[in-house]
There are 2 protein chains.
Amino acid sequence: MKISSKARYAIQSMLQLAMQVDNKPLTLADLTQQQNISSSYLEQLLASLRESKLVMGVRGPGGGYRIAADLADISIADILMAVHERHLTRPKKSSYGISIYNDMWWDLSESIQNFLSDISLADLMDREDVQTYLHQQRLFKDMTSVASQAEKQRKRA
Amino acid sequence: MKISSKARYAIQSMLQLAMQVDNKPLTLADLTQQQNISSSYLEQLLASLRESKLVMGVRGPGGGYRIAADLADISIADILMAVHERHLTRPKKSSYGISIYNDMWWDLSESIQNFLSDISLADLMDREDVQTYLHQQRLFKDMTSVASQAEKQRKRA
DNA sequence: ACGATTCCCGATTAAATTAGTCAAGAATAA
DNA sequence: TTATTCTTGACTAATTTAATCGGGAATCGT
């Protein structure tokens with residue numbers, strides 16, 4: 001099965017953002033480093049994600065992009081729709097003469113849609129290795145925050 | 001969710017073929033009439049489907065295309081793979097340094113793949129309205145075959 | 001064997017989408 | 001204020017999708 005690389009970039013970016021401890025922003029540069037893609041192109045994709053209110057941009061030093069909604073409320077379908085706009089919708093039943101093949105097609109297409117709508121970012125993160133990874137990140141963050149506290153103490157003295 | 005129109009054409013064609021009573025061949029012209037698409041383009045898609053052994057061509061008058069396997073053995077994933085070749089495969093775990101985002105991506109991608117592999121043409125046809133339609137087609141065919149028998153009788157006399 | 005039908009094959013072109021690049025501007029933290 | 005970082009828009013290149021054309025090969029009915 002081929003999924004467009006556009007979709008892959010978008011989803012991978014969302015995953016990276018989703019995994020940030022405390023939803024701390026990631027810069028475009030941060031995001032681009034993981035995937036090998038030009039930053040200006042990824043920027044365009046992020047713009048789409050922003051328009052769809054899936055991420056938000058934070059300007060200035062320390063800024064970047066962060067997730068703009070609850071992880072359980074963002075589905076794979078949402079992400080795909082955000083980046084490849086222009087999605088067709090099922091014609092009204094009334095438009096007469098629509099063939100049975102057409103009906104079958106739309107049914108299929110809707111079940112794919114539903115499947116993808118059922119997978120949230122939260123679901124994807126609910127895996128053992130991911131959780132372990134996140135746990136480590138948090139530990140690391142605590143350590144460094146303790147260290148910086150100590151540092152401030154030291155300077156003050 | 002956007003599915004490429006290439007995929008849509010392929011799936012719709014397969015559906016049309018699948019619904020033929022007695023797997024009687026449909027010509028390119030028959031297939032193109034339902035969808036609005038150029039016949040030469042559809043021909044290219046059918047060539048891919050043929051290479052993947054999903055359909056077979058029958059030349060000469062009365063010929064056309066017909067399904068080349070059991071309907072229960074042809075999945076949506078098979079059809080998609082046939083028309084957009086060039087499908088990536090998950091990198092070996094050994095290639096070191098592969099990120100956790102990458103793992104998550106491939107897991108997702110595999111679950112989509114599995115989902116699509118689980119939907120066969122037979123499944124899609126297992127719907128009440130489709131069955132009713134097929135039933136009517138068969139009745140019609142019986143009627144006309146009886147009529148043509150009668151016709152032959154008449155000529156012979 | 002002939003003629004009509006229909007798939008088969010290759011090359012070529014056009015349109016659409018995806019991917020990448022560049023440059024100037026606006027917000028913000030330190 | 002200055003460095004950082006997103007924002008915006010326009011433009012180009014590469015790739016994929018869609019369409020077109022022409023001739024060839026198999027097969028059916030007569």
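Quick note: numbers below take in every heavy atom, side chains included, and nothing from hydrogens, waters or symmetry partners. Since this is a predicted model, take the numbers as computed values, not measurements.
- Here Ser4(A) pairs with His84(A) under the side-chain hydrogen bond (donor to acceptor under 3.5 Å, both in side chains) rule; sequence neighbours left out.
- Residues satisfying the salt bridge (Lys or Arg N to Asp or Glu O under 4.0 Å) test with Glu110(B), not counting sequence neighbours, are Arg90(B).
- As judged by a 4.0 angstrom heavy-atom cut-off over every strand, Ile37(B) is placed among residues touching the sugar-phosphate backbone only.
- For residues 17-34 of chain A, the salt bridge (Lys or Arg N to Asp or Glu O under 4.0 Å) pairs, not counting sequence neighbours, are Asp22(A)-Lys141(A).
- Annotation: the terminal axes of the helix from dA1(C)-dT30(D) to dA30(C)-dT1(D) meet at 30°, where each axis is the rotation carrying the C1' atoms of four end pairs onto the next four (5 pairs per end, rounded to 10°).
- Per the geometry, CG belonging to Leu46(A) stands 14 Å off P belonging to dA19(C), to the nearest Å.
- Applying the side-chain hydrogen bond (donor to acceptor under 3.5 Å, both in side chains) test to Gln44(A) and every residue at least two apart in sequence or in another chain returns nothing.
- Rounded to whole angstrom, the span from the CG atom of Leu31(B) across to the C1' atom of dC8(C) amounts to 16 Å.
- OP1 or OP2 of dA19(C) has at least one side-chain nitrogen or oxygen of Tyr41(A) nearer than 4.0 Å.
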Quick one: side chains of residues 66-81 of chain B, donor-acceptor pairs under 3.5 Å with protein atoms, not counting sequence neighbours, listed by atom name and distance.
residue, atom, partner, partner atom, Å
Arg66(B), NE, Asn23(B), O, 3.1
Arg66(B), NH2, Asn23(B), O, 3.3
Asp70(B), OD1, Ala72(B), N, 2.9
Ser75(B), OG, Ala77(B), N, 3.3
Ser75(B), OG, Asp78(B), N, 3.1
Ser75(B), OG, Asp78(B), OD2, 3.2
Asp78(B), OD2, Ser75(B), N, 2.9

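- For Phe115(A), the ring-ring contact (aromatic ring centres under 6.0 Å, His included) partners are Phe115(B), not counting sequence neighbours.
- Atom-to-atom, CG of Leu45(A) to C1' of dT8(D) comes out at 15 Å; the value is rounded to the nearest Å.
- We find that CZ of Arg66(B) is positioned 13 Å from P of dT27(D), with the value rounded to whole Å.
- Among the nucleotides dT18(C), dA18(D), dG20(C), the one closest to the side chain of Ser5(B) is dA18(D).
- Met125(A) places a side-chain heavy atom less than 4.5 Å from the side chain of Met104(B).
- Here the P atom of nucleotide dT15(D) and the NZ atom of Lys6(B) are 15 Å apart, to the nearest Å.
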query = Taking protein heavy atoms under 4.0 Å as touching, what does nucleotides 9-15 of chain C look like 5' to 3' if B marks base contact, S marks sugar-phosphate-only contact and - marks none?
reply = B------

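- Under the rule for a side-chain hydrogen bond (donor to acceptor under 3.5 Å, both in side chains), the partners of Gln35(B) that lie at least two apart in sequence or sit in another chain are Ser13(B).
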Identify each atom pair where a protein N or O and an N or O of nucleotides 2-6 of chain C are less than 3.5 Å apart, giving names and distance.
residue, atom, partner, partner atom, Å
dT6(C), O4', Gly60(B), O, 3.4

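- To the nearest angstrom, P of dA26(D) lies 15 Å from CE of Met56(B).
- Applying the side-chain hydrogen bond (donor to acceptor under 3.5 Å, both in side chains) criterion to Ser52(B), with sequence neighbours excluded, gives no partner residue.
- What separates CD1 of Ile3(B) from P of dT17(D) is a distance of 14 Å, to the nearest Å.
- Closest approach of Val83(A) and Ala7(A) over heavy atoms only: CG2-CA, 4.4 Å.
- Put simply, OH on Tyr9(B) is 12 Å from P on dT17(D), counting in whole angstrom units.
- Scored by the side chain to side chain contact (heavy atoms under 4.5 Å, CB included) test, Arg50(B) finds Ala47(B), Val55(B) as partners (sequence neighbours excluded).
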